[in-house]
Amino acid sequence: MRILVIHGPNLNLTGTREPGIYGARTLEDINREIVARGAALGCTVTCFQSNHEGAIIDRIHQAREDADAIVINAGAYTHYSYAIADALAAVALPCIEVHLSNIFKREDFRHQSTLSPVCDGMICGLGPQGYSLAVEALAHKNA
Ligand code: DQA
């Protein structure tokens, strides 16, 4: 199974950005763990990060050719991007939404996700482990 993991805006700064909220581990370190977890489950994990909505949408479209499932942390786009939600609906791949922080424990604007209605599930508040749990869920779903 080929799993595409998408990290949205500002997540490239994970490790230095508000570490009390997002943790001290870098995105590179987190990606290494996700790829290893995927490999242990017989999955190929590809990680992609962009700060640009259009680039994220283009990558989701490309997933029709090179992925069987998607894990997405769209960062703040989660809360207002109907375009990313439409792209996920268009490709119709199994998809799990992940957030490092518990978005429901934070500001009101973070309580809404435009992506949840087009995703199969959502994991939030568990830090980087959420990505590996999402990969596990997708791998088992496919088994
Ligand atoms: C986030 C939560 C979002 O509200 C925020 O804008 C992010 C990161 C998370 O992983 O907790 O950039 O998606």
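Small disclaimer: the values here were computed from a predicted structure and weren't measured.
Interatomic distance, CG of Asn31 versus CG of Leu27, reported as 4.5 Å (0.5 Å rounding). Distance CD1/Ile56 to CZ/Phe48: 6.5 Å, rounded to 0.5 Å. Residue Thr14 holds its OG1 atom at 12.0 Å from CD of Glu28, rounded to the nearest 0.5 Å. Rounding to the nearest 0.5 Å gives a distance of 7.5 Å between CZ of Phe104 and OG of Ser113.
With contacts defined as side-chain heavy-atom distances shorter than 4.5 Å, the pair Thr44/Ile3 does not qualify. Counting heavy atoms from C-beta outward, Ile70 and Pro94 have side chains that stay 4.5 Å or more apart. By the 4.5 Å heavy-atom criterion applied to side chains, Ile6 and Asn73 are not counted as neighbours. Using a 4.5 Å heavy-atom threshold, the side chains of Leu138 and Met1 count as touching. Inter-residue side-chain proximity for Ile84 and Ile72 is flagged as met; some heavy-atom pair is nearer than 4.5 Å. Proximity of His99 to Arg110: side-chain heavy atoms (C-beta onward) are nowhere separated by under 4.5 Å. Asp120 is listed as a side-chain neighbour of Lys141, based on a closest heavy-atom distance under 4.5 Å. Inter-residue side-chain proximity for Asn12 and Ser50 is flagged as unmet; no heavy-atom pair is nearer than 4.5 Å.
The two residues Cys47 and Val35 have their closest heavy-atom pair at SG-CG2, 4.2 Å. Residues Pro128 and Leu100 come closest through the heavy atom pair N-CD2, 3.5 Å. Residues Ala87 and Ile57 share a closest heavy-atom pair of CB-CG2, 4.0 Å. Nearest heavy atoms, Ala74 versus Leu115: CB-CD1, 3.6 Å. Contact detail for Val98 and Ala134: the closest heavy-atom pair is CG2-CB, 3.8 Å. Closest approach of Arg64 and Leu93 over heavy atoms only: N-CD1, 4.5 Å.
For the 3.5 Å distance criterion, the side chains of Ser101 and Arg106 qualify, holding a donor opposite an acceptor. Checked by atom type, the side-chain pair Ser116/Glu97 shows a donor-acceptor distance below 3.5 Å. Side chains of Gln49 and Asn51: a donor on one and an acceptor on the other come within 3.5 Å.
Cluster annotation: Leu41 and Ile30 are assigned to the same hydrophobic cluster (Ile/Leu/Val/Met/Phe/Trp/Tyr, side-chain heavy-atom contacts under 4.5 Å, transitive).
If you look at Tyr131 and His7, their ring centroids are closer than 6.0 Å.
Among residues two or more places apart in sequence or in another chain, the side chain to side chain contact (heavy atoms under 4.5 Å, CB included) test is passed with Ala137 by Ile96. Residues that satisfy the salt bridge (charged side-chain N to carboxylate O under 4.0 Å, His left out) test with Arg17, not counting sequence neighbours, are absent from this structure.
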For Asp66 and Gln62, run side-chain hydrogen bond (donor to acceptor under 3.5 Å, both in side chains): C-alpha distance rounded to whole Å, both residues' side-chain angles, the deciding distance at 0.1 Å, then the answer. CA-CA 7 Å; Asp66 64 11; Gln62 194 188 317; 2.9 Å; yes

Applying side chain to side chain contact (heavy atoms under 4.5 Å, CB included), run through Thr46 and Val5 and close with a yes or a no. CA-CA 6 Å; Thr46 303; Val5 177; over 6 Å; no

Test side chain to side chain contact (heavy atoms under 4.5 Å, CB included) applied to His111 and Ile103, step by step: CA-CA 6 Å; His111 299 178; Ile103 57 174; 5.7 Å; no

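Annotation: Tyr82, atom OH; neighbour count of heavy atoms from other residues, nucleotides and ligands within 6.0 Å does not exceed 12. By the neighbour-count criterion of 12 heavy atoms within 6.0 Å, atom CD of Glu33 is densely surrounded, having more than that number from other residues, nucleotides or ligands.
Formation of a donor-acceptor pair under 3.5 Å by the Asn102 side chain with backbone atoms of Cys124 is not found in this model. Judged by distance alone, with hydrogens and angles left aside, the side-chain atoms of Ser81 form no donor-acceptor pair with the main-chain N or O of Thr78 at under 3.5 Å. Distance alone, capped at 3.5 Å, is enough to place a donor-acceptor pair between the His79 side chain and the Gln112 backbone.
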